[in-house]
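Below you'll find the structure, written out as structure tokens, and then a few comments.
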Amino acid sequence: MRKQIAAANWKMNCTFQQGEKLLDEILGAEIPLADHQLTIFAVPFPYLLMTRSEVEEEWNYNVAAQNCHHKKSGAYTGEVSAEMLHSMNIRYCVVGHSERREYNQETNAMLADKVNLCFENFITPIFCCGEPLNIREAGTQNDFVSAQLKESLFHLGADKIKTIIIAYEPIWAIGTGKTATTEQAQEIHQYLRSVLAAQYGDVVANEIPILYGGSVKANNAKELFSCPDVDGGLVGGASLVAAEFIEIIKALK
Ligand code: 13P
């Protein structure tokens with residue numbers, strides 16, 4: 001079975017102490033994960049090592065960075081490279097979150113470089129795509145998201161792309177409390193998989209987890225994750241509340 005993933009994206013939230021407490025509460029629930037299930041905490045850079053050591057003993061719990069730089073190294077004050085993450089044994093990294101695309105002007109071409117640097121450093125990218133409201137209203141969301149995949153990922157060989165994680169996050173559903181309906185989520189996830197299949201074949205496309213993100217909560221996770229092409233979630237707000245995220249992990253197929 002394809003990996004089913006509950007990924008927490010803390011964004012720029014929690015003090016160090018709050019983060020430790022949150023992890024203790026979630027891990028304290030001792031939710032057993034099957035081989036095909038995975039929980040990932042994407043935490044701020046200064047919390048990576050603490051989080052890594054918290055999850056070290058836990059089966060299928062892991063840690064991710066929320067970003068890495070698109071250059072290998074050099075005079076980029078304040079930035080963090082994929083090589084640095086690798087040297088800290090960090091094995092996942094969120095790439096191309098819509099907030100970074102918007103506030104840090106990250107382009108599809110820059111994200112292709114980030115994805116390459118992740119692979120060079122044995123890091124699995126959690127690659128984000130998703131359309132803004134005006135694109136959804138115009139009904140052109142399929143073209144929009146397929147261009148994001150093509151321009152940032154389709155230079156990869158099948159051996160690499162089959163190990164990636166994709167997160168579809170409609171921007172109009174992020175932090176708004178407005179969730180895509182299960183029909184909307186399944187429709188676009190199935191479409192994304194068909195775009196992957198057209199380029200790489202069905203076998204590869206069927207191996208790639210596609211997570212849904214955008215106001216995933218304890219009370220809608222089960223329904224969203226029950227869609228055949230939704231392989232879990234990338235969760236912002238609800239990942240900051242232990243009781244919420246615990247239910248979201250339990251909702252994994
Ligand atoms: P919310 O779950 O707060 O809508 O955020 C989604 C998101 O951006 C996760 O990366």
Side-chain angles (χ1 to χ4, degrees), residues 3-14 18-19 22-23 26 38-45 47-48 51 62-68 90 92-106 111 114-115 118 123-133 135-136 141 144-145 148-149 152 164-182 184-185 188-189 192 208-225 227 230-252:
K3 276 251 183 291
Q4 303 294 306
I5 302 169
N9 178 7
W10 289 6
K11 309 190 180 186
M12 197 174 73
N13 290 297
C14 293
Q18 288 166 339
L22 181 57
L23 286 170
I26 294 166
L38 181 61
T39 294
I40 302 175
F41 298 97
V43 301
F45 291 128
Y47 307 169
L48 284 171
T51 307
N62 221 308
V63 55
Q66 295 177 7
N67 177 41
C68 64
I90 301 302
Y92 296 89
C93 182
V94 177
V95 172
H97 192 280
S98 59
E99 286 148 18
R100 295 207 55 89
R101 290 176 187 262
E102 182 177 355
Y103 307 132
N104 300 78
Q105 291 76 43
E106 294 190 355
L111 299 177
K114 292 192 190 211
V115 164
C118 282
I123 293 167
T124 300
I126 302 171
F127 179 81
C128 302
C129 61
E131 79 287 354
L133 184 61
I135 296 286
R136 172 63 63 164
Q141 64 273 10
F144 189 89
V145 292
Q148 288 180 320
L149 294 198
S152 299
I164 210 168
I165 299 167
I166 290 177
Y168 166 71
E169 300 203 303
I171 298 170
W172 45 271
I174 295 178
T176 56
K178 214 190 226 183
T179 321
T181 63
T182 45
Q184 285 172 323
I188 198 151
H189 279 232
L192 288 166
I208 301 174
I210 306 180
L211 316 185
Y212 169 79
S215 299
V216 176
K217 309 277 177 223
N219 65 13
N220 60 21
K222 191 118 205 151
E223 202 185 339
L224 284 161
F225 298 175
C227 299
V230 176
D231 304 309
L234 180 57
V235 187
S239 77
L240 302 171
V241 181
E244 283 275 323
F245 197 60
I246 285 168
E247 291 309 310
I248 291 168
I249 299 171
K250 288 183 182 166
L252 286 175

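Residue numbers start at 1 and run along the sequence shown. Counting starts at 1 for both ligands and their atoms, in listed order. On a predicted model such as this, the values are computed, not experimentally measured, just so you know.
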### Summary
One finds that the ligand 1 atoms under 4.0 Å from a non-hydrogen atom of Gly237 are 1 (P), 2 (O), 3 (O)
### Separation between OG1 of Thr179 and CD of Glu223, rounded to the nearest 0.5 Å
9.5 Å
### Message
Tell me whether Arg100 contacts the main-chain N or O of Gln66 through its side chain, where contact means a donor paired with an acceptor under 3.5 Å.
### Response
no
### Query
Considering distance alone, does some N or O of Gly236 sit under 3.5 Å from an N or O of ligand 1?
yes
#### Entry: For Gly175, atoms of ligand 1 separated by under 4.0 Å from a heavy atom
1 (P), 3 (O), 4 (O)
### Query
Going by heavy atoms, is Lys11 under 4.0 Å from ligand 1?
yes
### Message
So if I count the atoms of ligand 1 from 1 in the order they appear, which ones are less than 4.0 Å from some heavy atom of Glu169?
### Response
6 (C), 7 (C), 8 (O), 9 (C), 10 (O)
### Query
Can you find an N/O atom of Thr176 closer than 3.5 Å to an N/O atom of ligand 1?
no
### Task
Provide the number and element of each atom of ligand 1 under 4.0 Å from a heavy atom of Ser215.
1 (P), 2 (O), 4 (O)
### Query
Taking the side chain from Tyr92 and the backbone from Ile165, do they hold a donor-acceptor pair closer than 3.5 Å?
no
### Message
To the nearest 0.5 Å, what is the distance between NE2 on His97 and CD1 on Ile126?
### Response
11.0 Å
#### Entry: Straight-line distance of Ile171 CD1 to Cys129 SG, nearest 0.5 Å
10.0 Å
### Summary
For Ala173, the ligand 1 atoms with a heavy-atom partner under 4.0 Å come out as 4 (O)
### Task
Measure the shortest side-chain to side-chain distance between Glu99 and Ile174 over non-hydrogen atoms and say whether it is less than 4.5 angstrom.
yes
### Task
Check ligand 1 against Gly214 and write out every atom of the ligand that is under 4.0 Å from a heavy-atom position of the residue.
4 (O), 6 (C)
### Enumerated ligand 1 atoms positioned under 4.0 Å from heavy atoms of Ile174
4 (O), 5 (O), 6 (C), 8 (O)
### Query
Atom OH in Tyr168, atom CD in Gln148: separation rounded to 0.5 Å?
9.5 Å
